[in-house]
Visitor: 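The following block contains the structure, expressed as structure tokens.
Counting convention: from 1, in listed order, for ligands and their atoms alike. Both backbone and side-chain heavy atoms feed into the values below; hydrogens, waters and symmetry mates do not.
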Amino acid sequence: MTNIKALKGHIIYTKVKDTFEVHENSYIVIDNKKVVGIFKELPDIYKDISIIDYGHNAIIIPSFIDLHIHAPQYLQMGIGLDLELIEWLQQYTYRNESLFSDVDYAKKIYPTFVDNLYNEGTLRSCIFATIHNESNKILLDELKKKKLSAYVGKVNMNQNAPNDLLQSAECSYEETKSFIDYFTEDLIKPIITPRFAPCCTSELLAKLGKLSMKQELPVQTHLAENKKEVEWVKSLFPDSKNYSDVYKKYNLYGNQKTLLAHSIYLSDEEVAMASNNDNVYLVHCPDSNGNLTSGIMPVTNYLDKGIKVGLGSDIGAGHKMSMPSTITSAVQYSKLRHVFRNEERVLSLSEAFYLATNVNGSFFGKVGSFEKDNFFDALVIRDPDPLVNYLKPIEKLQRFLYNASSNSIVERYLEGEII
Ligand SMILES: [Zn+2]
């Protein structure tokens, strides 16, 4: 029984989206990497295992997963956010991403980016890098050093951006293939990453789609974030029925697991496409959408139609690398839609938490919940403010999500190990 241990504290997670499971002063038993069960009293068979007691003030929750984040935009958080998407890309983002042609610049930015993922308790993430493979490799090395799990994509673009960020379709495809060969371990995996339809010709999209199918690799891209962008895509791809159909036509939609960031302005037909495909995740990035005046995803409508909705910070259009902040923003923006757009119901806190843990985690496998046989990925939270001791465990969690800083995270577990 050497690999079995128990953690003691207030254990909170979501099994279903509508409610938090709260186990006060309980034990969660871990066998190697996975959850065995949660017990109020430890059964006799576990009486000799090691126990880590985090005390009455600690809550133990699943660690966070970010399904949409741009590593090169780390330094760009909060900058240029008076602009809308296309202008923001042109005036800030592309200029910033060009800097990653210099590996020394990547060596300065990426270690700090990865440290921040760790600090914020985001132990798994789906990351856009840049077109520059030498810098992209620095990002992988840093993730590995910090023992975090991620999907990382080399960004593909061959039109409608500054020349120094464009590659020919053939070159972009070959570089994607060679980047994939650089991945060597289970925790960090490649993902096919066309930036978004306007930056890719049909030829490039077709090559990437084939590669995703052949190597059974997931896909991440952007979809219907901004009204002008949707019109632009219509003019660039007049033969496609709608924006989603551009990706579908080139095997980049739902053949493999597919992350579609934003997905705010979808036609009824596109909503039906997403709800009929279990591989499709529409990734809600509320802070980013507010900052760039993009709009608000109709998240409860999508959920009630059975669509998988994930959550992402989308830095640097999102201004904080924090999933608690993303969770609470998703709730706040849903309330605004409810008030101003007469949307039937609001997203509850437990639902938003469920999206950031269970749904986001499902992209990685059995991750994001404390049910039996899930990978034990967890955070131990203890607010340094002793006044918090007056609160019930669920109130401690609510306060942490809305108010606390990452200083409250005192331990991080990935697949059963403290990292
Ligand atoms: Zn993005």
Side-chain angles (χ1 to χ4, degrees), residues 65-81 83-97 100 109 113 116-117 122 125-131 136 139 150-157 160-161 165 191-200 208 218-230 232-233 243-244 246-247 252 258-266 280-297 299 309-323 325-326 329-330 333 356 360 363:
I65 300 119
D66 191 334
L67 283 195
H68 185 72
I69 185 163
H70 295 260
Q73 295 174 20
Y74 171 74
L75 199 57
Q76 212 191 318
M77 276 185 278
I79 295 174
L81 297 178
L83 299 176
E84 290 197 19
L85 174 68
I86 311 289
E87 294 75 21
W88 174 79
L89 286 170
Q90 288 163 346
Q91 292 182 37
Y92 289 93
T93 309
Y94 292 149
R95 211 179 55 198
N96 172 57
E97 285 191 17
F100 287 81
I109 300 293
F113 166 79
N116 271 274
L117 283 176
T122 304
S125 49
C126 294
I127 305 175
F128 279 59
T130 65
I131 67 161
N136 295 346
L139 177 57
Y151 283 92
V152 182
K154 177 227 172 270
V155 169
N156 288 272
M157 27 199 328
N160 292 321
L165 284 181
I191 182 164
I192 300 295
T193 307
R195 176 174 219 114
F196 68 153
C199 279
C200 302
L208 296 174
V219 175
Q220 62 179 354
T221 189
H222 298 89
L223 175 69
E225 173 175 2
N226 167 294
K227 283 181 181 167
K228 267 196 250 172
E229 171 215 2
V230 174
W232 192 22
V233 170
Y243 197 160
S244 303
V246 175
Y247 296 131
L252 291 162
T258 306
L259 298 173
L260 299 161
H262 311 300
S263 303
I264 300 172
Y265 301 103
L266 300 185
V280 169
Y281 291 66
L282 306 184
V283 185
H284 184 25
C285 307
D287 282 332
S288 162
N289 299 152
N291 288 333
L292 296 182
T293 329
S294 300
I296 306 175
M297 179 199 263
V299 58
V309 177
L311 286 182
S313 67
D314 192 27
I315 69 146
H319 56 282
K320 266 189 175 176
M321 254 174 90
S322 154
M323 289 312 289
S325 168
T326 305
S329 289
Y333 280 104
N360 282 8
F363 196 79

Visitor: Excluding sequence neighbours, so at least two apart, what forms side chain to side chain donor-acceptor pair (under 3.5 Å) with S294?
Guide: none
Visitor: Y247: which residues meet the ring-ring contact (aromatic ring centres under 6.0 Å, His included) condition with it, sequence neighbours left out?
Guide: Y243
Visitor: Listed by chain and number, what are the side chain to side chain donor-acceptor pair (under 3.5 Å) partners of N156, not counting sequence neighbours?
Guide: S172, T176
Visitor: At a cut-off of 2.8 Å, what protein N/O/S atoms sit near the Zn ion (ligand 1)?
Guide: H68 NE2, H70 NE2, H222 NE2, D314 OD1
Visitor: Which of parallel (below 30°), tilted (30 to 60°) and perpendicular (above 60°) describes H70 and F128?
Guide: tilted
Visitor: Are Y94 and C199 packed together at the side-chain level, in the sense that at least one heavy-atom pair is separated by less than 4.5 angstrom?
Guide: yes
Visitor: Which residue is it: V280, T193, V283? I am looking for the one with a side-chain contact (heavy atoms from CB on, under 4.5 Å) to L259.
Guide: V283
